[in-house]
Amino acid sequence: MRLSQYFLPTLKENPTEAQIVSHRLMLRAGLVRQTSAGIYAWLPMGYRVLRKIEQIVREGQDEAGAQEVLMPTIQPAELWQQSGRYEVYGKEMLRIKDRHEREMLYGPTNEEMITDIFRTSVKTYRDVPKNLYHIQWKFRDEVRPRFGVMRGREFLMKDAYSFDLTKEGARISYQKMFLSYLRIFARMGLQAIPMQADTGPIGGDMSHEFIILAETGESGVFCHPDWIKTDPLKEPVGYNDDLNPFFEKYTSLYAATDEKHKPGAAGIPDSELLQARGIEVGHIFYFGTKYSQPLGAKVTGPNGDLITLEMGSYGIGVSRLVGAIIEACHDEAGIIWPEAVAPYKVGLLNLKANDAAATKICDEIYTMLQQAGVEVLYDDRDERAGTKFADCDLVGLPWQIIGGRGLDKGMVELKNRKSGERTEISIEDALNKVIGK
RNA sequence: CGGGGCGUAGCUCAGCCUGGCUAGAGCGCUAGUUUUGGGUACUAGAGGCCCACGGUUCGAAUCCGUGCGCCCCGACCA
């Protein structure tokens, strides 16, 4: 993409409304624009990041055996009246009426709806287990939206729902999601740590919040230092294997938010615990028959008896992740995207845009990168070098190829946004490095 | 939902207390000169229903009332 053609409205100054760093940077880097409190429009660059995250989540869930569906944003009130949550949910739920005065709502979550879909179609134990998920916009009418996209009223969420015959089966479904989540976040370049969360009336060890570490995180966390050494992508375990050993290994390492932290409970001296801050980006839990019971989601078992399904649900805040990643990955100059979610891999800066010979070389580099399938944002604007550097750093692409005074000798500078390291190398070497990576 | 703050140019803000010239600055934008590897400098421009409605007054961005919007702290939450 040529920057001269692109819709990327960057800001030099910080908008007053944005207080936290990710919100400021998202506005300044031209990723989003706010349309009302807690509701955002996604501009081209921001939308690319959102879709990359979404795709990593999708692939991770598919691989774990979940199947993607798409449920509507608007739901009928009846379902929620059946589950009893219509009254309970309160003002957070945006209620609306259609032209026939029928009560509808903008879905804050989809347990009722998926249970309804499932119960009407699945009648025999032979059809379970199943795990269905979708990635859809949700609305919660937060009293006080804040932190930009991190706590908006409208947000994109992946939510999966598992259906099992037995609690043991539900446990397996849960463990699959546990593994899937660890891998999904790791693929995004994030260290996510599952922490035991409230399980409500059900109890047990089957509810975890996934927290990514970021200095500006909303809550304090304590965890075992060995967490840093873990790499879920390297665990030699598959979704059809017995996941118990893996689950044991990862749940036995201590990790707790400051609210739940119990001094002395870590198994190692508290002074050795890693203290950090974190942001919740995912939540998984088992809730048994909480919805299947009132909604009558049952199947016929092997003996002909009716069995109420055991369910779990598994959420990832997709739009929230955009903000969360920026909280975890930025510096004074701007965003530093992990490569897996970067809107473009390379920024190509032509510092001599008014020099025909230099421009010709940069155009060629641009073409070669495109032909090699590298996502590249080409700053071909007739701007000062300083402006280009500032914009490119702000926007946070992992690599910068800087074409300037060395161009006539076939040299460019390759800069790594994260380390800040810059090396003057030949065009060919720069291309190889960026393409090969 | 309790407490606080703020709405003036695209952005950041001054002016308001103590009402009165034609409503300002910096950045951004347009044109030109300049500069040419870290948001260059100069010149000339464009750009405003001063959040809305009502009131007080000869006169309101400024004072008063009501409403709306946005932000922050807390409670709540993915």
Derivation of the side chain to side chain donor-acceptor pair (under 3.5 Å) call for A:Tyr250 and A:Glu235: CA-CA 11 Å; A:Tyr250 274 77; A:Glu235 295 291 338; 2.8 Å; yes
Check: A:Lys130 main-chain N/O paired with A:Tyr161 side-chain donor or acceptor under 3.5 Å: no
Main-chain N/O of A:Glu87 paired with A:Trp80 side-chain donor or acceptor, under 3.5 Å: no
Out of B:rU40, B:rC11, B:rG37, whichever nucleotide has its closest atom nearest the side chain of A:Arg384: B:rU40
Closest to the A:Pro15 side chain, choosing from B:rG39, B:rC11, B:rG37: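 Of B:rG39, B:rC11, B:rG37, B:rC11 is nearest to the side chain of A:Pro15.
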Heavy-atom donor-acceptor pair, A:Glu383 side-chain to B:rG39 base, under 3.5 Å: no
Ionic contact status for A:Asp382 with A:Lys388, cut-off 4.0 Å: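 Answer for the salt bridge query: no.
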With heavy atoms under 4.0 Å as the rule, sort [X] into base, sugar-phosphate or nothing.
X: A:Arg33; value: nothing
X: A:Gly404; value: base
X: A:Lys352; value: nothing
X: A:Asp391; value: base
X: A:Lys158; value: nothing
X: A:Asp393; value: base

Watson-Crick or G-U wobble partner of B:rC63, both distances under 3.5 Å: B:rG55
[N] [atom2] sits how many Å from [X] [atom1], rounded?
X: A:Leu27; N: B:rU12; atom1: CG; atom2: C1'; result: 14 Å
X: A:Asp382; N: B:rG32; atom1: CG; atom2: P; result: 11 Å
X: A:Asp379; N: B:rG38; atom1: CG; atom2: P; result: 15 Å
X: A:Phe389; N: B:rU36; atom1: CZ; atom2: C1'; result: 12 Å
X: A:Glu424; N: B:rG37; atom1: CD; atom2: C1'; result: 11 Å

Close aromatic pair by centroid cut-off 6.0 Å: A:Tyr366 and A:Tyr378: yes
Sole candidate of A:Gln19, A:Glu13, A:Glu17 that passes side chain to side chain contact (heavy atoms under 4.5 Å, CB included) when paired with A:Pro15: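 Only match with A:Pro15 under side chain to side chain contact (heavy atoms under 4.5 Å, CB included): A:Glu17.
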Rounded distance (nearest 0.5 Å) linking atom NE2 of A:His261 with atom CZ of A:Phe222: 4.5 Å
Base-contact (B) and sugar-phosphate-only (S) positions in nucleotides 67-78 of chain B, heavy-atom cut-off under 4.0 Å, - elsewhere: ---SSBBBBBBB
